[in-house]
Amino acid sequence: MVVPTKCSLYYKEMNSSLTPTNEPQVVKELIKVIENNTKMNIIYPYDTFKNNMDKGLLYYKADHHWTQKGSFIGYNLLINKIKEKYPNIQANKESDYNISYNDHKKGYNSQYNLLKLNNEKVFDVKYQTYSYKDFTSRTSKNITLSKNPSLLKYHYAYKNAPNKQRVMLLGDSFGLDLTMFLSYTFKNVVELFANLPNGNEYENFNMKHFEDEIKKYKPDILIICLSESGINRLNYLYRKDYDKEKEQ
């Protein structure tokens, strides 16, 4: 799953003088090339997001990440794709969650902190959040697999899940909310979260970094979730020349 950037959808809201970026068209063309030359299936929810912009904020005003509402839309697109192979998969419904509203002032807030804003009214908005009604039946373990380069492992087990497939997700921070929904859909879900600061993609997003955990877990479904601005990281997954470059 390639998650569109906020500026590709909300450029007018961010700055009325901004013109549309050509990034969505470039990504769509790139996806065609990938799908025509590999067995990968790529979900790019740009058009769906564009059609749902009037139904609530899909990205945080003070952050570049998608909201839980945006993530839930992405989750449903992902489940529909999975159903092509596993037609009996059952997805969570919105009614399975308690819906509340949060101002998200204490979340990632990367842009909020960067701009050193102090509770400006422009950010006084409530975002729709999801809390699973049967959340007590899910257990979780968090493990630091590697500190440098950073790799965290989140393992969720939900005994009342409607689906038995073992799911693993690799990705950046956009995968975190997606895993929240997946972890109540399947009995076992593992996320490998690679911290991806600019300039460290080689070390952090290389299959050598993930392969031991993948082989050990043996997932039925393997998902890669990246932001649109990080799609180039797919280029590093199987870079065989990385070790040679590192030595030079």
Side-chain angles (χ1 to χ4, degrees), residues 1 3 43 45 52 55-60 62-63 65-83 85-110 125-147 150-195 210 213-214 216-225:
M1 172 167 281
V3 184
I43 302 167
N52 283 273
K55 298 178 182 178
L57 286 170
L58 307 182
Y59 294 79
Y60 295 109
D63 198 299
H65 291 93
W66 56 2
T67 61
Q68 289 187 14
K69 185 174 184 64
S71 181
F72 190 64
I73 293 173
Y75 159 80
N76 280 288
L77 290 172
L78 177 60
I79 294 297
N80 287 337
K81 176 61 69 173
I82 292 173
K83 281 185 176 181
K85 183 172 183 179
Y86 298 100
N88 295 323
I89 289 288
Q90 296 181 46
N92 291 339
K93 304 180 292 295
E94 200 164 51
S95 58
D96 294 325
Y97 297 84
N98 291 315
I99 304 299
S100 59
Y101 293 86
N102 189 295
D103 61 13
H104 192 66
K105 287 290 177 65
K106 295 182 180 179
Y108 296 110
N109 290 335
S110 56
V125 60
K126 299 293 184 181
Y127 301 96
Q128 186 170 314
T129 60
Y130 295 74
S131 176
Y132 199 69
K133 292 177 179 178
D134 187 29
F135 72 93
T136 58
S137 296
R138 190 196 73 175
T139 59
S140 64
K141 294 181 181 179
N142 303 342
I143 303 170
T144 300
L145 297 175
S146 172
K147 290 186 178 181
S150 175
L151 183 63
L152 304 178
K153 176 182 176 180
Y154 303 98
H155 190 169
Y156 301 95
Y158 178 44
K159 63 182 181 181
N160 296 329
N163 308 295
K164 64 181 181 180
Q165 288 81 6
R166 295 165 65 82
V167 173
M168 177 175 273
L169 183 144
L170 318 176
D172 57 20
S173 55
F174 279 82
L176 295 174
D177 277 333
L178 194 59
T179 303
M180 181 190 76
F181 294 112
L182 292 170
S183 64
Y184 292 110
T185 308
F186 299 94
K187 286 190 175 181
N188 282 282
V189 174
V190 167
E191 177 177 3
L192 299 181
F193 171 46
N195 189 20
F210 306 128
E213 290 297 322
I214 295 173
K216 182 169 63 176
Y217 184 63
K218 297 179 181 178
D220 299 300
I221 300 166
L222 180 63
I223 302 161
I224 297 174
C225 179

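Keep in mind it's a predicted model, so treat the numbers as computed, not measured. By convention here, the first residue in the shown sequence is residue 1.
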> Knowing that exactly one of D103, L57, N102 qualifies, which makes a side chain to side chain contact (heavy atoms under 4.5 Å, CB included) with K126?
Replying inline: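 In the set D103, L57, N102, the residue that makes a side chain to side chain contact (heavy atoms under 4.5 Å, CB included) with K126 is D103.
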
For residues [X] and [Y], report the shortest heavy-atom separation together with the two atoms involved.
X    : Y    : value
N163 : I89  : OD1-CA, 3.4 Å
E94  : Q128 : OE2-NE2, 3.2 Å
A161 : F186 : CB-C, 3.4 Å
D172 : F193 : C-CE1, 3.5 Å
Y101 : T129 : N-OG1, 4.1 Å
P219 : V167 : CB-C, 4.4 Å

Could you check whether any side-chain N or O of [X] sits under 3.5 Å from a backbone N or O of [Y], counting only pairs where one atom can act as donor and the other as acceptor?
X    : Y    : answer
K153 : K141 : no
N76  : I73  : no
N98  : K133 : no

Gap separating the [atom1] atom of [X] from the [atom2] atom of [Y], nearest 0.5 angstrom:
X    : Y    : atom1 : atom2 : answer
I99  : F72  : CD1   : CZ    : 7.5 Å
L178 : W66  : CG    : CH2   : 5.0 Å
I223 : L182 : CD1   : CG    : 5.0 Å
T139 : H155 : OG1   : NE2   : 7.5 Å
Y132 : S183 : OH    : OG    : 9.5 Å
R138 : K159 : CZ    : NZ    : 14.0 Å

May I ask you to check whether [X] and [Y] show a side-chain donor-acceptor distance below 3.5 Å?
X    : Y    : result
Y97  : N92  : yes
N188 : Y217 : no
T185 : Y75  : yes
Y156 : E191 : no

Heavy-atom side-chain proximity of [X] to [Y] below 4.5 angstrom:
X    : Y    : answer
L151 : F210 : yes
V3   : Y59  : yes
L222 : L170 : yes

>> So for atom OH, which belongs to Y86, do other residues, nucleotides or ligands contribute more than 12 heavy atoms lying within a distance under 6.0 Å?
In response: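 For Y86, atom OH is crowded (more than 12 foreign heavy atoms under 6.0 Å).
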
>> If you count every heavy atom of other residues, nucleotides or ligands that lies below 6.0 Å from K85 atom NZ, does the total exceed 12?
In response: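 Atom NZ in K85 is not packed in, count stays at 12 or less.
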
>> Set out, in order, the CA-CA distance, both residues' side-chain angles and the distance that settles side-chain contact (heavy atoms from CB on, under 4.5 Å) for Q68 and M180, then state yes or no.
In response: CA-CA 9 Å; Q68 289 187 14; M180 181 190 76; 3.8 Å; yes

> Where do L169 and V189 land on the side-chain contact (heavy atoms from CB on, under 4.5 Å) test, with the steps shown first?
Replying inline: CA-CA 8 Å; L169 183 144; V189 174; 5.7 Å; no

